[in-house]
Asks: 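Please find one structure pasted underneath; my questions will follow.
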Amino acid sequence: MRYWLLKTEPEGFSIDDLAASPRQTTCWDGVRNYQARNSLRDDFRPGDKVLFYHSSIVPAAVVGLAEVVREGYPDPTAWDPDHKHFDPGATAENARWVMVDIRLVEKFDQPVTLDVLRAEPKLAKMELLRRGSRLSVQPVTPEEFKIVERLAKSSTSVGKESPKSAPAPKIAKKPSTLS
DNA sequence: GCCAACGTTGGC
DNA sequence: GCCAACGTTGGC
């Protein structure tokens, strides 16, 4: 099983949008970078675990976990002229771009902010923290994944020590595929 | 809104 | 194949 980090701008699609999606599952369309595409196409497998990351927001943070439920398949938004990510070089016959399906596993009570990630020495080599890193689909090591998961649960995060509100709903449904 | 970093494009 | 121009990303 592999581990990944997926970036999204919450203004466009947030973890709450994922939680509100049917079966808390969505297709991860719109990726238009070849390196990211190659990961989606060649390396994503059902069962892989995903760190769900909100970018272009303050504070940027890992806000929860998701799981891959469908491996790479053609991204139809690529040949839709009305779509924001339309690519004139893509056709239904030659898709060029690929998406996967992911399902929400858990929304963290407490987002793990960039500051908190940077403060953890064991994450020093994490792709996300590399200067100039812009990839929206990144591999994560099992160790990094576990550390982030632990940071989400520890109370040592920077910022408000808010009294725990209602525990986040634990979402662990079993059906494994879309439609 | 600034701007550094990076990917892509296209002229040559 | 080089590389300058350009567009985008994303933290701040």
Side-chain angles (χ1 to χ4, degrees), chain A residues 2-19 26-44 48-66 68 72-102 104 107-141 144-145 147-152 154 156-162:
Chain A
R2 303 196 198 205
Y3 298 87
W4 306 98
L5 179 143
L6 292 178
K7 285 186 193 172
T8 180
E9 302 190 5
E11 309 249 320
F13 188 87
S14 71
I15 194 162
D16 290 327
D17 294 323
L18 177 58
T26 188
C27 56
W28 204 252
D29 61 11
V31 171
R32 296 293 181 269
N33 169 281
Y34 285 103
Q35 193 178 342
R37 192 265 328 251
N38 292 348
S39 292
L40 294 175
R41 186 190 59 193
D42 303 332
D43 298 327
F44 270 60
D48 288 359
K49 296 293 173 39
V50 172
L51 298 176
F52 196 96
Y53 179 80
H54 281 176
S55 68
S56 296
I57 191 178
V58 177
V62 177
V63 293
L65 306 179
V68 178
Y73 62 109
D75 176 355
T77 65
W79 59 87
D80 174 359
D82 296 326
H83 197 276
K84 181 184 176 209
H85 297 295
F86 173 61
D87 175 359
T91 63
E93 294 72 34
N94 195 344
R96 180 179 286 183
W97 302 110
V98 166
M99 61 188 188
V100 297
D101 290 347
I102 63 166
L104 181 66
K107 178 183 173 182
F108 292 155
D109 284 346
Q110 195 168 35
V112 183
T113 64
L114 263 190
D115 281 352
V116 170
L117 295 172
R118 289 212 177 94
E120 172 51 63
K122 289 176 183 157
L123 296 179
K125 292 187 178 169
M126 197 173 175
E127 165 74 19
L128 180 72
L129 304 182
R130 277 198 21 238
R131 179 180 172 78
S133 162
R134 295 193 329 190
L135 260 190
S136 68
V137 177
Q138 304 179 357
V140 171
T141 69
E144 290 164 349
F145 188 91
I147 290 165
V148 174
E149 210 175 5
R150 201 179 64 231
L151 287 172
S154 75
T156 57
S157 300
V158 183
K160 50 204 103 172
E161 204 81 2
S162 55

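Chain identifiers are assigned alphabetically (A, B, ...) following the order of the sequence lines, protein sequences preceding nucleic acid strands; residue numbering begins at 1 within each chain. Computed from a predicted model, the values in this text were never measured in an experiment.
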Asks: In whole Å, I'd like the distance from the CE atom of A:M126 to the P atom of C:dG11.
Replies: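 Atom-to-atom, A:M126 to C:dG11, this comes out as 12 Å.
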Asks: Measure the distance from NE2 on A:H54 to C1' on C:dG10 and round it to the nearest whole Å.
Replies: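 The distance from NE2 of A:H54 to C1' of C:dG10 comes to 15 Å, rounded to the nearest Å.
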Asks: Report the distance from atom NE2 of A:H85 to atom P of C:dT9, rounded to the nearest whole Å.
Replies: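 The distance from NE2 of A:H85 to P of C:dT9 comes to 8 Å, rounded to the nearest Å.
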Asks: Going by salt bridge (Lys or Arg N to Asp or Glu O under 4.0 Å), name the residues that satisfy it together with A:E127, two or more places apart in sequence or in a different chain.
Replies: A:R130
Asks: Quickly work out the A:N33 CG to C:dT9 P distance and round it to whole Å.
Replies: 10 Å
Asks: So, is A:K7 close to the C:dG10 phosphate, meaning a side-chain N or O under 4.0 Å from OP1 or OP2?
Replies: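 Checking C:dG10 against A:K7, a side-chain N or O does come within under 4.0 Å of OP1 or OP2.
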Asks: Applying a 4.0 Å non-hydrogen cut-off, can you work out what A:R32 is touching in the nucleic acid: base, sugar-phosphate, or nothing?
Replies: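 Touches nothing.
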Asks: By side-chain contact (heavy atoms from CB on, under 4.5 Å), which residues pair with A:V98, not counting sequence neighbours?
Replies: A:R37, A:L40, A:R41
Asks: Is any side-chain heavy atom of A:V148 less than 4.5 Å from a side-chain heavy atom of A:M126?
Replies: yes
Asks: Would you tabulate the nitrogen or oxygen pairs shorter than 3.5 Å linking the protein to nucleotides 2-8 of chain C?
Replies:
from, atom 1, to, atom 2, distance (Å)
C:dT8, O2, A:R134, NH1, 2.8

Asks: A:E11 has an atom CD; how far is it from atom C1' of C:dG10, in whole Å?
Replies: 13 Å
Asks: To the nearest Å, how far apart are A:L128 CG and C:dG11 P?
Replies: 7 Å
Asks: When we call it a touch if two heavy atoms are under 4.0 Å apart, what does A:S55 touch: a base, just sugar-phosphate, or nothing?
Replies: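 If one applies the 4.0 Å heavy-atom cut-off, A:S55 turns out to touch the sugar-phosphate alone, with no base involved.
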Asks: Among all residues two or more places apart in sequence or in another chain, which pass the side-chain contact (heavy atoms from CB on, under 4.5 Å) test with A:P59?
Replies: A:T113
Asks: In whole angstroms, how far is the P atom of C:dG10 from the CG atom of A:L129?
Replies: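 Answer to the nearest Å: 14 Å.
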Asks: Using the salt bridge (Lys or Arg N to Asp or Glu O under 4.0 Å) criterion, which residues pair with A:D43? Sequence neighbours excluded.
Replies: A:R2
Asks: Check side-chain contact (heavy atoms from CB on, under 4.5 Å) between A:I57 and all other residues, then give those that pass, not counting sequence neighbours.
Replies: A:P10, A:H54
